[in-house]
Amino acid sequence: MKKIYFAGKFNKIKQPNISLENSLQNDFRSKLLGSSKLLTHHQDKLIINNSFQYAGPFYCEKASNGNFTSTDCKEILNAEYNLIKNSDTLIAVFSETFSPGTIVELGWALNQNKQIIILYQEEASCYDIKSEYWFAIADAIKRCKNLIIHKYKSYQEITPLITKIIKEEL
């Protein structure tokens with residue numbers, strides 16, 4: 001069963017007095033998982049639709065000591081690097097909210113020769129790749145032999161597009 005890592009900025013509702021679970025309810029990963037609760041803390045062997053294993057990320061990753069962490073940058077970095085290292089595929093979602101972490105995760109996956117799928121929202125640009133992420137996408141095109149790229153128009157299209165990609169292309 002393929003392990004898929006879903007890189008992309010967390011789409012978190014920023015309201016006071018809202019639980020972590022509720023703040024993540026609109027994130028595309030929560031919709032794929034069927035529950036934002038599954039996205040809050042690292043879980044091993046999270047199977048989706050009997051077709052793939054969700055490898056990460058989680059809002060609170062598991063630190064090397066086994067505890068959950070959301071504030072120790074080195075522990076999060078190591079945890080996510082290992083999740084990508086142990087994945088078969090990385091799906092990078094570039095949205096209108098800029099995410100340096102997604103670019104780094106894409107670079108890690110490229111360096112490990114992973115299968116990569118990039119989804120990006122097209123926008124006005126002077127470049128032929130119509131995204132503020134054009135440099136990272138162009139680098140992936142140059143370096144990755146197993147690359148699939150899809151464009152989308154709105155954030156709401158991401159979940160159905162990923163579902164279609166998993167069914168038809170993985």
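Not measured: the values here are computed from a predicted model.
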Item to check | Aromatic ring pairing Phe10/Tyr59, orientation class (parallel under 30°, perpendicular over 60°, tilted between) | outcome: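 Taking Tyr59 first and then Phe10, their aromatic rings stand perpendicular (interplane angle over 60°).
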Next on the checklist: Classify the ring geometry of Phe6 against Tyr54: parallel below 30°, tilted from 30° to 60°, perpendicular beyond 60°.
Outcome noted: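 Rings of Phe6 and Tyr54: parallel, as their planes differ by under 30°.
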Item to check | Lys31/Asp27 under salt bridge (Lys or Arg N to Asp or Glu O under 4.0 Å): CA gap, chis, key distance, verdict | outcome: CA-CA 7 Å; Lys31 295 182 184 310; Asp27 191 89; over 6 Å; no
When rounded to the nearest 0.5 angstrom, what distance separates [atom1] in [X] from [atom2] in [Y]?
X: Leu119; Y: Ser131; atom1: CG; atom2: OG; value: 11.0 Å
X: Ser87; Y: Glu105; atom1: OG; atom2: CD; value: 10.0 Å
X: Leu24; Y: Leu33; atom1: CG; atom2: CG; value: 10.5 Å
X: Tyr152; Y: Gln121; atom1: OH; atom2: CD; value: 4.5 Å
X: Lys114; Y: Leu110; atom1: NZ; atom2: CG; value: 12.0 Å
X: Gln112; Y: Ile84; atom1: CD; atom2: CD1; value: 7.5 Å

I'd like to know if the side chain of [X] and the backbone of [Y] have a donor-acceptor N/O pair within less than 3.5 Å.
X: Ser51; Y: Ile48; answer: yes
X: Asn82; Y: Asn78; answer: yes
X: Glu157; Y: Lys153; answer: yes

Around [X], counting heavy atoms of other residues, nucleotides and ligands shown, do more than 12 lie under 6.0 Å from its [atom1]?
X: Lys130; atom1: NZ; answer: yes
X: Lys2; atom1: NZ; answer: yes
X: Glu96; atom1: CD; answer: no

Non-hydrogen side-chain atoms of [X] and [Y] separated by less than 4.5 Å:
X: Tyr5; Y: Thr89; value: no
X: Ile4; Y: Leu170; value: yes
X: His150; Y: Ile165; value: yes
X: Leu46; Y: Asp44; value: no
X: Leu106; Y: Phe94; value: yes
X: Ser23; Y: Leu20; value: yes
X: Ile129; Y: Tyr120; value: yes

Search all heavy atoms of [X] against all heavy atoms of [Y] and return the closest pair with its distance.
X: Lys9; Y: Arg29; answer: O-NH2, 3.2 Å
X: Lys37; Y: Gln43; answer: O-NE2, 4.3 Å
X: Phe28; Y: Ala7; answer: CZ-O, 4.3 Å
X: Gln53; Y: Met1; answer: N-CG, 3.9 Å

Checklist entry - Going through the checks in order, is the side chain to side chain contact (heavy atoms under 4.5 Å, CB included) test met by Asn26 and Tyr155? => result CA-CA 10 Å; Asn26 293 331; Tyr155 192 85; 5.6 Å; no
Checklist entry - In terms of side-chain heavy atoms, does Gln25 have a donor or acceptor partner in Ser36 at a distance below 3.5 Å? => result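 Absent: no donor and acceptor within the cut-off.
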Checklist entry - Does one side chain, of Asn111 or Arg143, offer a donor that lies under 3.5 Å from an acceptor on the other? => result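 Short answer, yes.
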Checklist entry - Can you list the steps and then say if Glu122 with Lys151 is a salt bridge (Lys or Arg N to Asp or Glu O under 4.0 Å)? => result CA-CA 6 Å; Glu122 252 191 329; Lys151 302 170 196 169; 3.6 Å; yes
What about [X] and [Y], same hydrophobic cluster or not, with Ile/Leu/Val/Met/Phe/Trp/Tyr joined at side-chain heavy-atom distances under 4.5 Å?
X: Ile141; Y: Ile148; answer: no
X: Leu90; Y: Ile158; answer: no
X: Ile166; Y: Ile117; answer: yes
X: Phe135; Y: Ile137; answer: yes
X: Leu83; Y: Ile91; answer: no

Item to check | Test side chain to side chain contact (heavy atoms under 4.5 Å, CB included) applied to Leu147 and Ile118, step by step | outcome: CA-CA 8 Å; Leu147 176 68; Ile118 294 175; 3.9 Å; yes
Checklist entry - When you look at Phe98 and Tyr133, which way does the side chain to side chain contact (heavy atoms under 4.5 Å, CB included) test go after all the steps? => result CA-CA 8 Å; Phe98 190 73; Tyr133 296 95; 3.7 Å; yes
Next on the checklist: If you apply the rule side chain to side chain contact (heavy atoms under 4.5 Å, CB included), what do you find for Glu123 with Glu132, and how did you get there?
Outcome noted: CA-CA 8 Å; Glu123 57 190 44; Glu132 67 181 356; 3.4 Å; yes
